[in-house]
2 protein chains.
Amino acid sequence: MRATVLHAPGDIRVETLPDPDLRDDTDAIVRVVASCVCGSDLWPYRGADHAGEPRQIGHEFVGVVEQVGSAVAGVSPGDFVIAPFTYSDNTCALCLKGVHTSCVNGGGYVGCQCELVRVPFADGTLVTVPGEVDEAMLPHLLTLSDVFPTGHHAAVSAGVTEGSTVAVVGDGAVGLSAVLAAKRLGAATVIAMSRHEPRQEVARAFGADHIVATRGSEGAAEVSEILGGIGADAVLECVGTNDSFKQAFRTVRPGGTVGYVGLPHGVEPNIPVMFYTNRNLAGGVAPVRAYLEDLLPDVLSGAVTPGDVFDLTLPLDQVAKGYQAMDERTAIKAFLRV
Amino acid sequence: MRATVLHAPGDIRVETLPDPDLRDDTDAIVRVVASCVCGSDLWPYRGADHAGEPRQIGHEFVGVVEQVGSAVAGVSPGDFVIAPFTYSDNTCALCLKGVHTSCVNGGGYVGCQCELVRVPFADGTLVTVPGEVDEAMLPHLLTLSDVFPTGHHAAVSAGVTEGSTVAVVGDGAVGLSAVLAAKRLGAATVIAMSRHEPRQEVARAFGADHIVATRGSEGAAEVSEILGGIGADAVLECVGTNDSFKQAFRTVRPGGTVGYVGLPHGVEPNIPVMFYTNRNLAGGVAPVRAYLEDLLPDVLSGAVTPGDVFDLTLPLDQVAKGYQAMDERTAIKAFLRV
């Protein structure tokens with residue numbers, strides 16, 4: 001099969017690798033229909049988190065089941081499925097608590113920007129999309145493998161509910177998805193913090209009531225002014241740097257919660273300030289599987305169109321262009337038709 | 001009036017100071033009936049957080065209103081009142097969000113281990129106890145000024161609700177109060193982590209289902225074993241050291257929340273581990289005023305007896321003995337009859 005391989009920082013190639021095989025009787029092999037590039041893929045692409053050896057990359061995909069192990073009962077060859085970006089058995093004590101990312105049998109795929117993926121614990125992991133899937137629905141369904149539920153997780157973790165005031169730090173695809181998710185959960189006011197015109201437009205289309213283009217204490221003051229003098233009930237941190245964390249904690253009101261989903265790098269929260277002001281920190285790597293029953297119907301009905309975060313479509317062979325465009329911020333998120 | 005003054009680490013004295021006067025028309029002067037020594041008072045007593053100059057100390061009290069300013073309408077001379085350990089106007093945007101400790105007009109008292117206290121924003125701060133207050137009820141009512149609502153805040157912040165599994169780190173008065181609060185909120189299982197027999201007894205009386213006397217990863221493993229193989233949904237951190245934080249994060253399950261109310265000193269949470277396991281951190285200095293309407297009826301009815309944390313009663317003149325006993329852990333909490 002063709003597969004995307006990261007050789008070294010900045011060096012992304014499509015190569016021919018052996019097809020994956022069924023290994024355990026709970027496995028499925030899925031033929032990838034669409035994949036994409038994640039902001040978190042940019043960390044190793046830029047040289048952080050990279051182990052040195054060439055390796056397959058990518059963790060988001062939708063596709064059609066090609067083969068299943070003898071113990072797989074929930075999905076069949078021919079099914080169109082959404083694959084959460086980690087696999088999980090959906091039966092262990094932690095899955096039952098909704099933390100599928102900590103499944104005792106869980107883990108990550110070898111790589112998904114490719115043609116075929118071996119999915120362990122297929123019954124626990126894959127969610128079948130009922131009926132025919134047309135081409136126009138692909139981007140929206142693909143977001144369910146990571147980016148939309150990740151934005152949703154930021155909002156859920158931060159306690160966003162009917163009437164909440166929300167600010168979103170980060171205008172990447174996750175931040176924009178967080179805007180959409182917060183609005184979907186009934187937030188009264190959603191403020192997107194963004195300095196980039198094309199991203200501001202998506203944020204507005206996703207329901208942002210206000211755009212704040214300033215940062216630092218000036219940006220926090222602007223949010224506070226919009227909200228009548230106090231910070232936001234919930235701030236959704238969708239970047240993962242220490243600067244973006246500082247921005248998030250400046251922007252959330254005392255007693256509020258920062259919901260964070262950006263892979264943290266060098267983050268050092270100020271615990272005494274958090275303590276004296278009751279500013280909370282919740283979130284982490286999104287347990288996508290836990291949210292799919294809730295989110296899928298709204299995607300299928302068109303109530304939300306999370307696939308609008310994709311502004312660049314490429315064939316798999318040109319995946320390197322997708323990395324480059326996202327790295328240079330000329331694209332929000334690259335969709336790969338496989 | 002007589003008042004407790006901290007002169008230097010370990011040097012607590014009762015001295016005669018001028019009586020406080022009404023300063024603003026929203027003030028009240030309250031004659032203290034009972035006060036007590038808080039675990040957080042031990043930090044300056046032991047030499048941490050001490051500014052150097054002799055200063056009044058103590059922040060918990062109940063008493064009888066002696067005098068009110070011309071703008072005070074909610075309390076009158078003769079009323080028996082509970083004073084939350086910070087004052088607040090109870091009308092600003094942050095008080096309305098339930099974060100009275102961040103009240104825009106709020107602050108702390110000069111000191112409360114004394115005979116008379118000036119209470120700013122008396123209407124917003126003080127809560128009148130209806131009817132006659134008998135001597136036996138004093139300790140229970142006094143806990144409402146800080147320690148019981150602080151334990152309650154740990155539980156609320158950690159999301160304790162009907163059916164939760166809970167572990168409590170810290171067997172001081174706050175930790176024991178957290179046991180009581182968690183049980184009152186309907187926790188299915190409460191595990192008190194304590195190595196001290198007399199404190200274990202109070203924990204059991206407050207509803208702890210299990211006592212775990214080990215610490216570190218061994219203690220966390222014991223909690224996990226009790227709970228069927230995963231950590232607790234909620235861990236209530238009631239100490240504030242980096243060691244106790246580590247214990248709390250070891251003991252909470254992935255996706256669970258550490259509710260912290262121990263004044264943090266040198267705490268450095270492991271953000272990457274928190275992120276990958278969705279372990280959350282919530283809490284801070286307890287907004288006592290927000291909880292009094294909820295907690296007071298259960299204290300008055302005897303449904304809970306939070307004053308059982310007091311195991312040493314002293315007259316104000318012997319306050320130094322109270323500090324010494326708590327510092328040496330020969331007493332859980334010292335009650336001062338003024």
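By convention in this document, chain letters (A, B, ...) are assigned in the order of the sequence lines, proteins followed by strands, and residues within each chain are numbered from 1. All values derive from a computational prediction rather than experimental measurement.
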Original post:
Going by residue number, which parts of residues 167-181 of chain B are within reach of chain A, meaning a heavy-atom gap below 4.5 Å?
Top reply: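 So far as heavy atoms go, nothing in residues 167-181 of chain B approaches chain A to under 4.5 Å.
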
**OP:** Sort by residue number and list every member of residues 221-237 of chain A having a non-hydrogen atom under 4.5 Å from chain B.
**Re:** A:Ile230, A:Asp233

**OP:** Report, by ascending residue number, the residues of residues 96-109 of chain A in heavy-atom contact with chain B at a distance under 4.5 Å; give 'none' if the set is empty.
**Re:** A:Lys97, A:Val99, A:Thr101, A:Ser102

Original post:
Counting distance only, does the side-chain N/O of A:Asn280 pair as donor-acceptor with the main-chain N or O of B:Gly283 below 3.5 Å?
Top reply: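 Answer holds: yes.
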
Subject >> B:Leu263 to A:Tyr276 - nearest heavy-atom pair and separation >> reply: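 Reported closest heavy-atom pair: CD1-OH, 2.9 Å.
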
Subject >> Residue pair A:Asn278 / B:Pro287: nearest heavy atoms and the distance that separates them >> reply: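 Where A:Asn278 meets B:Pro287 most closely, the heavy atoms are ND2-CD, 4.5 Å.
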
Subject >> Among the listed options B:Pro264, B:Cys92, B:Gly256, the residue most often paired with chain A at heavy-atom distances under 4.5 Å >> reply: B:Pro264

Subject >> Top contributor to chain A interface from B:Arg279, B:Glu268, B:His153 [non-hydrogen pairs under 4.5 Å] >> reply: B:His153

Original post:
Is the number of heavy atoms from other residues, nucleotides or ligands under 6.0 Å of B:Lys183 NZ greater than 12?
Top reply: yes

Original post:
Taking only residues two or more places apart in sequence or in another chain, which ones pass side chain to side chain donor-acceptor pair (under 3.5 Å) with B:Thr251?
Top reply: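 For B:Thr251 the side chain to side chain donor-acceptor pair (under 3.5 Å) partners, ignoring immediate neighbours, are B:Gln247.
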
Original post:
Highest number of heavy-atom pairs under 4.5 Å with chain B: which of A:Thr277, A:Leu94, A:Val267?
Top reply: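 Among A:Thr277, A:Leu94, A:Val267, the one with the most close pairs to chain B is A:Leu94.
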
Subject >> Nearest-0.5 Å distance, CZ of residue B:Phe275 to CG of residue A:Leu281 >> reply: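 If we round to the nearest 0.5 Å, B:Phe275:CZ and A:Leu281:CG are 10.5 Å apart.
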
